[in-house]
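Structure, as structure tokens:
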There are 2 protein chains.
Amino acid sequence: MEESREELREKFHRRLAAHDCKLTRQRKDILEVIISEPHSHFNAEELYEKVQQMNPEVGLATIYRTLDLFCDLEIIHRLDFDTSYKSYELNVEDQHHHHLICLQCGTITEFKDSVLEKFEQDLEKTHNFDIVDHHIKFYGYCEECSSNKGESKNGK
Amino acid sequence: MEESREELREKFHRRLAAHDCKLTRQRKDILEVIISEPHSHFNAEELYEKVQQMNPEVGLATIYRTLDLFCDLEIIHRLDFDTSYKSYELNVEDQHHHHLICLQCGTITEFKDSVLEKFEQDLEKTHNFDIVDHHIKFYGYCEECSSNKGESKNGK
DNA sequence: GTGAGTGCAAAGCCTTTGCAACCAC
DNA sequence: GTGGTTGCAAAGGCTTTGCACTCAC
């Protein structure tokens with residue numbers, strides 16, 4: 001069961017307060033934009049543009065500072081799809097998922113899996129490693145691109 | 001069975017030739033440094049410093065250009081541990097592995113696993129996704145750091 | 001000999017920072 | 001009222017690029 005937008009908003013407003021962070025207009029607006037698309041991935045520039053539509057007064061530096069803050073408070077997660085810029089996603093409870101990244105069209109599909117959870121537990125034992133997080137990404141070709149690619153499959 | 005340094009060198013020299021790339025002094029030296037530590041992870045700056053010891057004439061721009069070239073030729077792989085700079089590792093045959101990253105001491109441990117190979121195959125079927133590569137990283141605390149951390153475990 | 005490859009320095013991109021003004025508490 | 005936040009612009013890292021020179025083929 002996923003949390004509603006209202007629940008998320010309140011939860012994160014409380015979290016900010018709990019850490020003595022002021023609930024400024026800018027932080028509210030930025031959070032609102034992030035919550036409005038709970039499953040999207042975004043970078044600073046993309047977020048900046050969306051926030052601008054809501055409140056053109058917000059500066060890019062504030063976006064960066066807020067992203068850092070939200071990461072610290074675990075309101076969002078930093079991803080690492082691309083090394084040229086940093087990207088982020090909202091930290092939705094129980095949304096722990098993995099990514100399928102299409103090398104052709106760039107589409108990123110999310111999936112969850114219990115096999116991996118089990119695997120992780122085994123791994124902790126074999127390597128005496130206390131796992132707290134994981135980043136699991138599979139690269140390849142999505143259904144659509146696979147079939148297009150199939151036309152020249154004899155190539156390789 | 002892992003390839004010897006000589007085998008790797010020859011293989012990659014041939015690969016450069018096959019792509020009409022000149023075998024310059026700089027490329028040879030850079031390749032030699034990379035092969036000399038086949039399991040290390042490095043960024044441009046680190047590679048630059050090591051190459052400098054061998055040949056102080058090499059410029060940093062050449063390092064960057066060569067890293068791009070070697071990635072295209074699949075002589076090395078680009079990693080994505082950190083988003084502030086790009087890191088790389090030698091592409092050793094059958095070395096497909098995953099990473100355990102310690103959040104405290106930063107140590108990166110490699111491991112291989114057949115469960116994941118199987119999992120990948122299942123995944124391809126359920127999602128109609130043609131997987132060609134994966135990046136799998138687990139974050140947590142290594143054995144040593146876990147025990148140190150244990151002292152303040154009640155803290156949370 | 002000739003064009004790919006190089007070194008240098010300048011430019012580029014994304015991100016961070018210094019500082020005065022501002023506003024949430 | 002006051003210190004945390006902000007916007008702006010300047011500075012900061014890392015990486016790429018323009019250009020004349022060089023060297024592998």
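Just so you know, these numbers use all the heavy atoms, side chains as well, and skip hydrogens, waters and symmetry mates. Worth saying up front: this structure is predicted, and the values here are computed from it rather than measured. So you know, we letter chains A, B, ... as the sequences are listed, proteins then strands, and number each from 1.
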A/Arg25 side-chain N/O to C/dC23 phosphate OP1/OP2 under 4.0 Å:
no
Any A/Lys86 side-chain nitrogen or oxygen under 4.0 Å from OP1 or OP2 of C/dT16
yes
Per atom distances to the A/Arg27 side chain, the nearest of D/dT5, D/dT17, D/dT15 is D/dT5
So does B/Tyr64 get a side-chain nitrogen or oxygen closer than 4.0 Å to the phosphate oxygens (OP1/OP2) of D/dT16?
no
When rounded to whole Å, the CZ to C1' distance for the pair A/Arg78 and C/dT15 reads 11 Å
Whole-Å gap separating P (D/dA24) and NE2 (B/His19)
21 Å
When you get a sec, tell me which of C/dT17, D/dT15, C/dC8 is the closest nucleotide to the side chain of A/Ala61?
C/dT17
Nucleotide of C/dT15, C/dC19, C/dT6 approaching A/Tyr85 most closely (side-chain heavy atoms):
C/dT15
Using a heavy-atom cut-off of under 4.0 Å over every strand shown, decide if B/Glu45 touches base, sugar-phosphate, or nothing.
nothing
Identify which nucleotide among C/dT16, D/dC25, D/dG18 has an atom closest to any side-chain atom of A/Asp68, counting heavy atoms from C-beta outward.
C/dT16
Closer than 4.0 Å, any side-chain N/O of B/Thr24 to the OP1 or OP2 of C/dA4?
no
Quick one: which of D/dT5, C/dG5, D/dC8 gets closest to the side chain of A/Cys21?
D/dT5
Protein-nucleotide distance (B/Leu47, atom CG; D/dC14, atom C1'), rounded to Å:
15 Å
Regarding B/Glu57 and B/Arg25, does a basic nitrogen lie under 4.0 Å from an acidic carboxylate oxygen?
no
For B/Arg65 and B/Lys22, take the nucleotide of DNA chain D holding the closest heavy atom to each; which residue's nucleotide lies nearer the 5' end?
B/Arg65
Measure CG/B/Leu60 against P/C/dG12 and give the value in whole Å, please.
18 Å
To the nearest angstrom, the CG-C1' distance between B/Asp20 and D/dC25 comes to 11 Å
